[in-house]
Amino acid sequence: MYSKTEFQDSSFIDDTEILSSLEEAKRLAKDVGAVRALLDKARECRGLTHREAAVLLEITDPQLEHELYSLAKEIKERIYGRRIVLFAPLYVSNYCVNGCVYCGFHAGNSCMFRKKLTMEEIDRETEAILALGHKRIAMEAGEDPVNCPLDYILDCIHRVYAYRNDRGDSIRRINVNIAATTVEEYRRLKAAQIGTFILFQETFHRPTYAKMHPKGPKSNYDWHTTALHRAQEGGIDDVGTGVLYGLYDYKYETVAQLMLAESLEKICGVGPHTISVPRLREAEGVDMRQFPHIPTDEQFLRLIAVIRVATPYTGMIISTRETPETRKKELDLGISQVSAGSCTGIGGYHKEIGQPDTPDTAQFKVSDNRTPDEVLTWLCEDGYVPSYCTACYRQGRTGDRFMSLAKSGQIHNYCQPNALLTFKEYLIGYASDHLKEVGEKVIDKEVERIPNDKVKALTRERLGRLEAGASD
Ligand code: SAM
Ligand code: SF4
């Protein structure tokens with residue numbers, strides 16, 4: 001049970017302010033000069049306020065739209081280069097006491113087979129995820145203080161970090177996506193060396209939140225909306241946020257999302273490390289007719305572009321909820337991290353646990369069923385550099401230390417070599433022959449793009465050592 005004195009003042013999400021921002025934005029969006037001034041400001045990578053971003057959500061002029069998309073691409077390329085970070089979710093338990101009406105795990109879904117992984121199963125899942133070449137996972141669980149208490153999550157985290165496969169590889173960063181909790185529990189998660197604590201707001205619109213969360217601890221809007229502030233208070237300086245697009249109007253949600261980011265920056269000194277953009281998908285035991293707000297692809301691309309230019313240094317994540325076709329466009333406009341080869345059921349990576357005759361335990365249906373090898377080939381063919389880098393986290397460059405490095409422009413001299421070295425490790429250990437061929441070409445080309453000559457030479461040397469059998 002949480003203490004009533006813990007931070008839970010969610011007044012920074014102000015409904016009147018959101019509506020008035022959108023109202024004013026409709027007017028300003030028709031003023032070509034005003035819109036161009038905002039785009040010019042965003043081009044300097046200083047970010048935009050929620051009011052300014054609202055204007056970009058409202059523009060209808062095709063030429064201005066085109067300018068916004070070009071700018072989103074330009075900013076993405078300037079800050080992140082062509083790198084795309086890969087990860088996989090690991091669902092450890094689908095027990096849940098909440099009633100989220102959109103989720104297959106909701107407590108009232110009697111069709112859902114409930115399961116949580118044993119420690120031996122954690123080993124087998126980790127083995128299977130490592131065999132896909134992953135080094136970074138998002139650990140996911142439903143909320144259930146009895147069947148899935150924090151102690152169980154901590155055991156899972158320790159077990160995954162401790163696991164080594166035959167090549168000596170291990171999971172190097174565990175991001176955690178579990179229910180909102182207390183400062184004390186965040187301290188324990190921090191002590192377990194988690195990467196980012198991720199919590200999706202689902203919807204910022206209070207009446208919709210109440211409708212979507214009719215029962216359980218998650219029905220407390222204020223507690224949920226202030227969780228990332230408490231996480232920072234508990235010492236977790238990389239926090240990730242997101243809206244589940246489809247529950248309410250996407251413009252309202254995007255403005256509110258930026259207000260949350262502003263509040264984190266103001267109160268905690270650093271904004272979110274990542275913003276995820278999940279879009280609602282079909283799920284077992286969920287009636288999809290109750291969601292009239294699912295954004296179209298066009299609307300979805302717009303909100304991605306707006307978030308990209310408004311929060312240039314915040315990583316943006318999409319998952320396999322999106323189809324390969326939309327993922328391609330989303331990457332172009334600002335996404336910097338993607339999941340690949342994902343399973344949203346409990347124990348689904350390891351065939352024996354998720355045998356065809358075992359009941360379905362999946363949270364929702366994924367739309368991109370390609371293997372990581374196929375996803376990586378696709379990324380390379382599109383000119384991207386897949387990255388398995390976890391160096392920032394391992395070297396303590398988190399929170400404001402990461403942000404100041406990113407803002408100094410130095411990130412290229414760190415991230416580009418690390419991306420290439422970790423991709424090289426993937427090619428050596430896990431890639432198909434075809435991907436090896438395509439990937440080596442990408443590496444050759446991208447080494448040349450490293451701006452600093454000394455770093456370039458060092459990277460060549462380290463790539464050579466990996467080729468000769470050393471591990472990095
Ligand atoms: N149970 C925790 C919670 O709700 O915060 C942890 C996260 S839950 C396993 C992961 C996320 O999946 C939820 O926050 C929600 O946004 C998303 N989700 C739930 N149902 C979904 C659906 N039908 N389609 C797409 N995403 C969904
Ligand atoms: Fe439980 Fe999270 Fe699903 Fe809600 S979204 S039912 S809390 S697993």
Side-chain angles (χ1 to χ4, degrees), residues 88-112 114-117 137-145 147-150 152-153 156 175-181 185 189 194 196-204 208-209 211-221 223-225 227-228 231 239-248 253 257 274-291 293-295 300 317-323 339 342-346 348 360-368:
L90 171 57
Y91 282 74
V92 295
S93 166
N94 65 0
Y95 285 96
C96 197
V97 296
N98 289 312
C100 317
V101 300
Y102 46 83
C103 177
F105 294 167
H106 72 84
N109 186 4
S110 53
C111 314
M112 181 61 55
R114 304 288 164 170
K115 173 158 179 65
K116 76 178 194 199
L117 296 176
I137 61 166
M139 189 173 281
E140 314 261 348
E143 180 168 12
D144 187 328
N147 291 299
C148 182
L150 189 73
Y152 168 74
I153 297 289
C156 293
N175 298 332
V176 172
N177 185 5
I178 58 170
T181 186
E185 293 211 331
L189 282 164
I194 69 163
T196 312
F197 178 78
I198 302 167
L199 185 74
F200 298 159
Q201 173 62 28
E202 320 301 7
T203 172
F204 285 96
T208 305
Y209 191 92
K211 209 161 81 188
M212 296 294 157
H213 306 99
K215 63 169 276 190
K218 194 167 165 181
S219 58
N220 184 339
Y221 179 96
W223 182 245
H224 193 81
T225 309
L228 298 182
V239 296
T241 176
V243 157
L244 179 55
Y245 281 101
L247 303 184
Y248 190 60
E253 302 285 26
Q257 177 68 91
T274 54
I275 296 183
S276 298
V277 281
R279 183 160 49 160
L280 193 66
R281 292 279 304 137
E282 274 178 46
E284 194 64 45
V286 172
D287 178 3
M288 294 302 286
R289 287 169 303 182
Q290 55 191 323
F291 306 110
H293 291 290
I294 299 180
F300 200 58
I317 306 180
I318 47 162
S319 69
T320 52
R321 292 173 179 88
E322 298 294 313
T323 63
S339 50
S342 304
C343 167
T344 68
I346 313 302
D360 193 10
T361 55
Q363 188 189 21
F364 54 83
K365 296 188 172 69
V366 302
S367 305
D368 184 346

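Only heavy atoms go into these numbers, but all of them, side chains included; no hydrogens, no water, no symmetry mates. Order of listing sets the numbers, starting from 1, for every ligand and every atom in it.
- Within the 4.5 Å cutoff, side-chain heavy atoms of Phe105 are placed close to those of Tyr91.
- One N or O on the side chain of Ser367 and one on the backbone of Arg321 form a donor-acceptor pair closer than 3.5 Å.
- Below the 2.8 Å limit, atom 4 (Fe) of ligand 2 has as protein N, O or S neighbours Cys100 SG.
- Aromatic ring centroids of His213 and Tyr102 lie under 6.0 Å apart.
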Could you check ligand 1 for N or O atoms lying under 3.5 Å from protein N or O atoms and list the pairs with distances?
residue, atom, partner, partner atom, Å
ligand 1, 1 (N), Ala141, O, 3.0
ligand 1, 4 (O), Lys218, NZ, 2.7
ligand 1, 12 (O), Arg321, NH2, 3.2
ligand 1, 12 (O), Gln363, NE2, 3.2
ligand 1, 14 (O), Glu202, OE2, 2.6
ligand 1, 16 (O), Glu202, OE1, 2.5
ligand 1, 16 (O), Glu202, OE2, 3.4
ligand 1, 23 (N), Tyr102, O, 2.9
ligand 1, 23 (N), Arg281, O, 2.9
ligand 1, 24 (N), Arg281, N, 2.9
ligand 1, 26 (N), Arg321, NE, 2.9
ligand 1, 26 (N), Arg321, NH2, 3.4

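- Asp287 places a side-chain N or O within donor-acceptor distance of the main-chain N or O of Arg289, the cut-off being under 3.5 Å.
- In this view, Ser93 satisfies the side-chain hydrogen bond (donor to acceptor under 3.5 Å, both in side chains) rule with no residue, not counting sequence neighbours.
- Residues Glu253 and Thr203 bring a donor and an acceptor atom of their side chains to less than 3.5 Å of each other.
- Between the side chain of Thr320 and the main chain of Asp368, no donor-acceptor pair closer than 3.5 Å is present.
- In this structure, Arg279 contributes its side chain and Tyr245 its backbone to no donor-acceptor pair below 3.5 Å.
- By the side-chain hydrogen bond (donor to acceptor under 3.5 Å, both in side chains) test, Asn147 pairs with Asp144, sequence neighbours left out.
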